[in-house]
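Within every chain, numbering begins at 1; the chains are lettered A, B, ... in the order of the sequence lines, protein sequences first and strands thereafter.
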2 protein chains.
Amino acid sequence: MTTPSRSRKKTISAARDALPASTGLDLGPLPGLLGYALRRAQVAVFADFMASFAALDLRPAQFSVLLLIRQNPGCKQSDVAEALGILRPNFVAMMDELDHRGLTQRTTSKGDRRSYAIFLTQAGEALLDAAMKVVAEHEARLTSAMKPGEPEKFLDLLARIERAVPAR
Amino acid sequence: MTTPSRSRKKTISAARDALPASTGLDLGPLPGLLGYALRRAQVAVFADFMASFAALDLRPAQFSVLLLIRQNPGCKQSDVAEALGILRPNFVAMMDELDHRGLTQRTTSKGDRRSYAIFLTQAGEALLDAAMKVVAEHEARLTSAMKPGEPEKFLDLLARIERAVPAR
DNA sequence: TATTGTTATACTCTATAACTATA
DNA sequence: TATAGTTATAGAGTATAACAATA
């Protein structure tokens, strides 16, 4: 077991100032916890992402699905689902909706008749083009508070945290 | 509108190496998006948190509720809910469960008879003491992949990202 | 009229078992 | 026997409207 360490203690009080409670409640050690700060930031970023994509009627998961299909045309449903951490049963309704909206197309693959080969339609390509512009603006909002080099540093820290945690 | 910028391009390919797809699919620009990396890390950290607290039968939200009550003994339900971003209707069942488990206690406050003053019981204090040790181990796992000073830098970046996004 | 706690309700995400048709 | 897609279902988490008691 590791102790919070002297330098951490300083961080906690700094973070306490940085993350206002909005109500008068004392948050105690909460703002100094990496997991808590990580979750707060992720919730805020997710909300901004969803608000940005409301006009395109695209949720984050749908955006990533379209992106992966464009990047891997003809791939199987299961591969996309697995790559995004979506369980196969839950992915069916997602693909159904994208299909019904005319954004994707499932063609029964010649080789293995139990799997589909999935593609973007022209409408899907066009929507994804528009989405890439929206996501660039969203990302620019996130990096607007960062100095040069910090976005890269942040991505590196996120990747190391992900790897530092079991499950793998 | 802002362009992705030259330095970002380099970051994307670096992150692509750092975040393996596990399946063979090409993730394209996804691993270079701050929002995507942030969400992946948060999901992984949340999973580690929940696994760590399984033995105590405490979910993240319950832990933060107990912590806030200890930090603000006698406070109102609504204040805790608001501080944690939990909607008041959804907070009722949470408090009911904590009460039924004997971890918290609601006493009708003398001053305002429509609100409760909430406290931790001795069992609640004891469970939170145990939880603080578990969370320290959890945090140590997250910082194990970081060099001195990086946890503070990471907290700072998270707070700045949260503030950079609208809603407020 | 406004606030605190509450009920009812609904919608999204996530998770598991089991079916079908193919292999 | 195993795999791809599917169905059904259940559980969290989150959202809004409205009510009773109190201020």
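Atom CE of Met94(B) and atom C1' of dA15(D) are 16 Å apart (whole Å). Summarising the geometry, the separation between CZ on Phe46(B) and C1' on dT14(C) is reported as 13 Å, rounded to the nearest angstrom. The distance from atom CD1 of Ile118(B) to atom P of dT4(C) is 13 Å, rounded to the nearest whole Å. Look at CG on Asp99(B): it is 12 Å from P on dG5(C), rounded to the nearest Å. The CE-C1' distance, from Met50(A) to dC11(C), rounds to 13 Å in whole Å. In this entry the distance linking CD1 of Ile86(A) with P of dA15(C) reads 11 Å, nearest Å. One atom, CG of Leu87(A), and another, P of dA17(C), lie 12 Å apart when rounded to the nearest Å. Put simply, CG on Asp96(B) is 10 Å from C1' on dG5(C), counting in whole angstrom units.
Between Arg59(A) and dC11(C) there is no side-chain polar atom (N or O) within less than 4.0 angstrom of OP1 or OP2. Under 4.0 angstrom from either OP1 or OP2 of dG5(D) there lies no side-chain N or O belonging to Lys76(A). Residue Arg114(A) places none of its side-chain N or O atoms closer than 4.0 Å to OP1 or OP2 of dT20(C).
Among the nucleotides dT14(C), dG13(D), dT4(C), the one closest to any side-chain atom of Asn90(A) is dT14(C). Closest to the Asp112(A) side chain, of the nucleotides dT6(C), dT7(D), dA23(C), is dA23(C). The nucleotide whose nearest atom lies closest to any side-chain atom of Ser78(A) is, among dT7(D), dA4(D), dC13(C), dA4(D).
Between Pro60(A) and Met95(B), it is Met95(B) whose nearest contact on DNA chain C lies nearer the 5' terminus. Mapping Arg39(A) and Arg106(A) onto DNA chain D via the closest heavy atom, the residue that lands nearer the 5' end is Arg106(A).
Tyr116(B) comes within 4.0 angstrom of the backbone, heavy atoms only, and of no base. Residue contacts for Gly85(A): at a heavy-atom cut-off of 4.0 Å it reaches no nucleic acid atom on any strand shown. Note on Arg88(A): a base of the nucleic acid sits closer than 4.0 angstrom, heavy atoms only.
The backbone N or O of Gly35(B) sits less than 3.5 Å from a side-chain atom of Glu139(A), completing a donor-acceptor pair.
Using a 4.0 Å cut-off between charged nitrogen and carboxylate oxygen, Asp129(B) and Lys133(B) do not count as a salt-bridge pair.
For the salt bridge (Lys or Arg N to Asp or Glu O under 4.0 Å) with Glu162(B), the lone residue among Arg40(A), Arg39(A), Arg141(A) that qualifies is Arg40(A).
In the hydrophobic clustering of this structure, Met132(A) groups with Val80(A); members are Ile, Leu, Val, Met, Phe, Trp, Tyr whose side-chain heavy atoms approach within less than 4.5 Å, directly or through other members.
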Intermediate values then yes/no, side-chain contact (heavy atoms from CB on, under 4.5 Å), Leu87(B) and Phe91(B): CA-CA 6 Å; Leu87(B) 291 171; Phe91(B) 194 59; over 6 Å; no
